[in-house]
Structure formats: structure tokens, C-alpha cells
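Computed from a predicted model, the values in this text were never measured in an experiment.
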Amino acid sequence: MPKLELLPAVDVRDGQAVRLVHGESGSETSYGDPLQAALTWQRAGAEWLHLVDLDAAFGTGDNRAQIAEVARSMDIKVELSGGIRDDASLAAALATGCTRVNLGTAALETPEWVAKVIAEHGDKIAVGLDVRGTTLRGRGWTRDGGDLYETLARLDSEGCARYVVTDIAKDGTLQGPNLELLKNVCAATDKPVVASGGVSSLDDLRAISSLVADGVEGAIVGKALYAEAFTLEEALKAVSV
Ligand SMILES: O=C(O)c1ccccc1NCC(=O)[C@H](O)[C@H](O)COP(=O)(O)O
């Protein structure tokens, strides 16, 4: 059985690496320079970086130049997220050399465009399914965007390669992942799922690892690393057995 991939997160707001609580604008804790944070995770052995432009997601501007600098400075795989909603933002994201991009709002508001770019770019496109209960949220998680399972079925039929699943109620809270949600999504699709939000401990990572056979491929870890609940080296070791 393949091991769980770990994706340490660097979420960028107003030029700083931050973590939010429930993804809410204004709940930021700042952790300094995004490039230094990303290099720290790379040095610690990360194989992936989850890099988010929060301003682009919220529509409060963007950190595009800085995000591109971080992505280009990495020797590891990069998943880029936040505000990728049209040809221009997708082209800018892909031009950073990132391994894949994560579409959120676009999958809810412009499904035809998303179907088109899935057909064009294959597994360079993942879709973020960010939910409260089973209701999807878009525009930086501020607006309702339809039913999780209906949208998942549509995206599956269009050939979407992978889903990044976030329970917003857990995100940035250190309250543990929503394992039921992950199991339910895995039961509804044959495509790989990346778990996001709420990881607080090595036991949480072991619990997510136990879902690899169900289809969970990876786990994004943000707050727990910045709060030093464990080190990335410890996390990588915990999921390697
Ligand atoms: O990814 C987005 O587009 C996004 C939009 C609006 C608010 C938050 C957003 N992402 C947050 C993340 O991807 C977090 O880095 C990730 O869920 C980590 O969560 P945690 O481990 O609970 O800190």
C-alpha cells in the first residue's frame, strides 16, 4: 500500500504566511515570510508544498508575484490554490511550474470552463471540495455553492483527476480531521482524495493513513506545523510505517 503523502501548507495573505481559523478573513495568525516557511518544509524532507494565495481566494487582491517566486524556488512538487478561476489566472498558475493547481470557486460557478480545463490539462487540475456539512463553499469559502455529492458526480463524469476535501468547520482549529467526510467522499468516487483541515497530532495523521486503502492519497497540514504540535520530520516518519 502506498504511504500517505504529506503536503505542508503555506497560505499567503498580504505577503505573509498565515493560518486562518475556519478560513475566515480577519482570523489570521502570521508566521512570517512565505518563502522561508516553504524552504523550511522543503529542508525538513517534504515532497510536496500546498501553496495558497488567500487574497486571490477572497478577492482582496493577490500575491501572485510572491507565490510564483516561492513555487519557482522549490525543488519539490507544488500544489497551487486560491483564486484560479479563468484562463489568465490558470495560465499564471501553471507558468510557475507547479505540479498541479487546485480549483475551487470555478468548479461551482463556471462548470463549463472547469470541464474544458480538465479535458485540456488532465491531472494538473485538482478540484477543492470545501464544505460545511455537505454544502460546498466558494469565493474564499464565503458563499454556498451547491451539494457536495452532486458536484462530485458531475466532476467525476468530466474526468476530474483528484479532489482536495476540506471540512471548513475543522480548518485551522487543531480539532482533528473529519474522517467520516473523507470516508464518505472516498465511497462516492474512485479518484484520489487529499484530506485538508484540522490535523492536530501524529495520531490524526495515522488515522488519515488508515484511509489510504479507501482512496485517501494525501493530507495537507498547516496550523499543527506552525504551532509546533509536531515536526514535519516526525510527521513524515509517522506516515512512513
Ligand atoms: O485553499 C483555498 O483556496 C482557501 C480559500 C479560503 C480559505 C482557506 C483556503 N485554504 C486553506 C488551506 O488550504 C489550509 O492550508 C489547509 O486546509 C490546512 O488546514 P489546517 O491544517 O487545519 O491548518
Starting from the C-alpha separation in whole Å, work towards a yes-or-no answer on salt bridge (charged side-chain N to carboxylate O under 4.0 Å, His left out) for Arg19 and Asp171. CA-CA 9 Å; Arg19 283 304 301 123; Asp171 199 81; 2.9 Å; yes
Within the structure provided, determine whether [X] and [Y] are in side-chain contact (heavy-atom separation under 4.5 Å).
X      : Y      : answer
Leu35  : Ser73  : yes
Leu20  : Phe58  : yes
Val70  : Val12  : no
Glu79  : Arg100 : yes
Arg85  : Arg139 : yes
Ser25  : Arg13  : yes
Val101 : Ile125 : yes
Leu80  : Ile67  : yes

Could you name each residue pair satisfying ring-ring contact (aromatic ring centres under 6.0 Å, His included) that touches residues 205-232, not counting sequence neighbours?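 For residues 205-232: Tyr31-Tyr226, Trp41-Tyr226.
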Please walk me through it: do Lys223 and Thr173 pass side chain to side chain contact (heavy atoms under 4.5 Å, CB included)? CA-CA 8 Å; Lys223 186 75 168 271; Thr173 65; over 6 Å; no
Give the intermediate values and the outcome of side chain to side chain contact (heavy atoms under 4.5 Å, CB included) for residues Leu129 and Leu155. CA-CA 11 Å; Leu129 300 169; Leu155 289 161; 4.2 Å; yes
Can Val212 and Lys3 be said to form a side chain to side chain contact (heavy atoms under 4.5 Å, CB included), step by step? CA-CA 7 Å; Val212 166; Lys3 70 179 169 60; over 6 Å; no
Indicate yes or no for a side-chain donor-acceptor contact from [X] to the backbone of [Y] under 3.5 Å, with no hydrogens or angles considered.
X      : Y     : result
Asn63  : Asp53 : no
Lys124 : Thr99 : yes
Gln42  : Thr40 : no
His50  : Pro8  : no
Arg64  : Ala56 : no

Could you pull out all donor-acceptor pairs under 3.5 Å where a side-chain atom in residues 111-119 meets a protein atom, sequence neighbours excluded?
from   : atom 1 : to    : atom 2 : distance (Å)
Trp113 : NE1    : Asp87 : OD1    : 2.9
Lys116 : NZ     : Asp87 : OD1    : 3.4

Partner of Val221 under side-chain contact (heavy atoms from CB on, under 4.5 Å), chosen from Val199, Leu232, Ile208: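 When Val199, Leu232, Ile208 are each tested with Val221, the side-chain contact (heavy atoms from CB on, under 4.5 Å) holds only for Val199.
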Lys183/Glu180 under salt bridge (charged side-chain N to carboxylate O under 4.0 Å, His left out): CA gap, chis, key distance, verdict: CA-CA 5 Å; Lys183 280 185 216 164; Glu180 277 311 302; 3.5 Å; yes
Taking atom CZ of Arg137 and atom NE2 of His22, what is their separation to the nearest 0.5 Å?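 These two atoms lie 12.0 Å from each other.
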Residues forming a side-chain contact (heavy atoms from CB on, under 4.5 Å) with Ala238, sequence neighbours excluded: Leu202, Arg206
Just do the side chain to side chain contact (heavy atoms under 4.5 Å, CB included) check on Asn102 and Val52 with the steps written out, would you? CA-CA 9 Å; Asn102 194 14; Val52 185; over 6 Å; no
When Tyr163 is tested against each of Thr189, Asp156, Thr151 for side-chain hydrogen bond (donor to acceptor under 3.5 Å, both in side chains), which residue passes?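 Going through Thr189, Asp156, Thr151 one by one, the side-chain hydrogen bond (donor to acceptor under 3.5 Å, both in side chains) with Tyr163 is satisfied by Asp156 alone.
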Could you check Thr105 against Arg143 for side chain to side chain donor-acceptor pair (under 3.5 Å), going step by step and ending with a plain yes or no? CA-CA 9 Å; Thr105 302; Arg143 282 196 219 158; over 6 Å; no
With side chain to side chain donor-acceptor pair (under 3.5 Å) as the test, would you mind laying out the steps for Thr135 and Asp144 before giving the verdict? CA-CA 7 Å; Thr135 301; Asp144 283 352; 5.4 Å; no
